[in-house]
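Here is the structure we will look at.
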Amino acid sequence: MDAIKNNEIKQFAKHLYEKSSYIFKKVDIVPKENKDFLFPWLKEFPSKDNLKKYLKILKENSTLEINSSIGTVQLQISSYLSEDENKDIFKLLDFVIIKSDLTNQENEKIKVGDYIGSSWGYDQKCHSKKIQTNSSLCKTISSSFKLDVSKEDKIAGELIVKARFISGYAYKEVTMNDINKPIVLNDSEFKIINIINNTVVISQENSRSELLDGIGYFNINKNGYRVESIGSSTICTYNYNIFKENPNLSLQDYSKKIHHKLLKIENSDIPDDTYKKEFGENYTILISTDRIEKFIFYVPNYEEMEFVVQLE
């Protein structure tokens with residue numbers, strides 16, 4: 001093996017070591033507990049009947065337009081509700097694009113990009129389209145999405161949109177008794193591989209980002225308070241087994257153990273597949289600043305409605 005390839009293998013071994021070796025090492029950190037934190041599932045939410053009423057009004061008053069006034073071209077979904085006692089109702093709302101039937105002047109399909117953000121307005125004059133509001137003042141919402149077109153393009157068509165309000169939360173308390181059992185929360189499913197000191201090891205079919213984006217989690221200490229700060233990482237199955245058994249394994253010894261594996265990857269025509277075969281699937285690791293006493297996963301429940309909105 002030439003010197004360049006040998007150095008590449010050494011550097012890759014170092015990268016794998018630095019990414020995983022710290023996870024199970026004991027670190028003396030003084031955990032911070034938040035005694036004033038209100039868990040999401042204990043919060044009060046508007047009734048489902050009220051949320052259904054809001055959704056109906058949002059549907060009838062929704063508009064769709066192109067905004068190119070700020071340099072980039074954006075697609076904006078806007079609507080409004082009457083001002084009432086639920087002043088912050090839009091904090092519970094988001095719009096999800098189910099299907100786009102937008103085309104340009106060449107009749108080419110236009111793909112709607114990522115969600116950018118939402119802006120809210122309060123005590124605005126109402127301009128009701130179909131459903132009359134109960135007040136002369138309204139609160140407005142406008143949600144923007146990326147649109148990969150030029151300002152000169154002529155866009156037409158419609159979207160199928162889902163408007164959804166958070167109506168509460170489902171949650172699951174996880175303990176040592178849940179190891180190797182599937183955890184199901186609404187549409188999310190994963191398995192607890194292990195709970196070791198201050199870490200929770202998770203196996204899932206989806207990517208790490210999809211899990212962390214879709215599910216919230218807390219470590220609850222023995223006093224019943226939320227422990228501040230939880231980090232996350234990934235670890236392959238091979239490294240998990242190695243460092244779980246020997247958290248203080250040196251870089252030199254680790255490199256010797258995996259050298260033959262890295263040679264196989266280096267000489268493979270399908271290195272990604274060979275890596276997975278040699279090192280196994282990735283686990284998600286959640287790392288708390290305190291020992292795991294009670295770990296809770298939670299997801300939002302939604303009241304939702306789909307509707308079509310035409311580009312104006």
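Just so you know, these numbers use all the heavy atoms, side chains as well, and skip hydrogens, waters and symmetry mates. Nothing here was measured: the structure is a model prediction, and the numbers come from that model.
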* Asked: Is Asp84 salt-bridged to Lys139, cutoff N-O under 4.0 Å?
  ->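 Here Asp84 pairs with Lys139 in a salt bridge, since their nearest N and O are under 4.0 Å apart.
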
| message | Between Asp94 and Arg164, does any side-chain N to carboxylate O distance fall below 4.0 Å? | response |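 Yes, this pair counts.
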
Please check: side-chain N/O of [X] versus main-chain N/O of [Y], any donor-acceptor pairing under 3.5 Å?
X      : Y      : answer
Thr199 : Ile196 : yes
Gln310 : Gly157 : yes
Asn267 : Leu263 : yes

| request: May I ask you to establish whether Lys162 and Phe95 are in a cation-pi arrangement, using a distance under 6.0 Å from NZ or CZ to the six-membered ring centre and at most 45° from the ring axis? | output: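 Ring-cation test returns no.
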
Side-chain donor-acceptor contact under 3.5 Å, [X] with [Y]:
X      : Y      : result
Ser143 : Gln76  : no
Asp153 : Gln105 : yes
Tyr254 : Asn239 : yes

So that I know where these two stand, are Tyr283 and Tyr240 an aromatic pair - ring centroids less than 6.0 Å apart?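 Between Tyr240 and Tyr283, which both carry aromatic rings, the centre distance is below 6.0 Å.
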
- Task: Apply the ring-ring contact (aromatic ring centres under 6.0 Å, His included) test between Tyr171 and each candidate in Tyr298, Trp41, Phe39; give the one that qualifies.
- Result: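 Among the candidates, only Trp41 passes.
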
Can you name the one residue among Phe190, Tyr169, Phe218 that meets ring-ring contact (aromatic ring centres under 6.0 Å, His included) with Phe297?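 When ring-ring contact (aromatic ring centres under 6.0 Å, His included) is applied between Phe297 and each of Phe190, Tyr169, Phe218, only Phe190 qualifies.
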
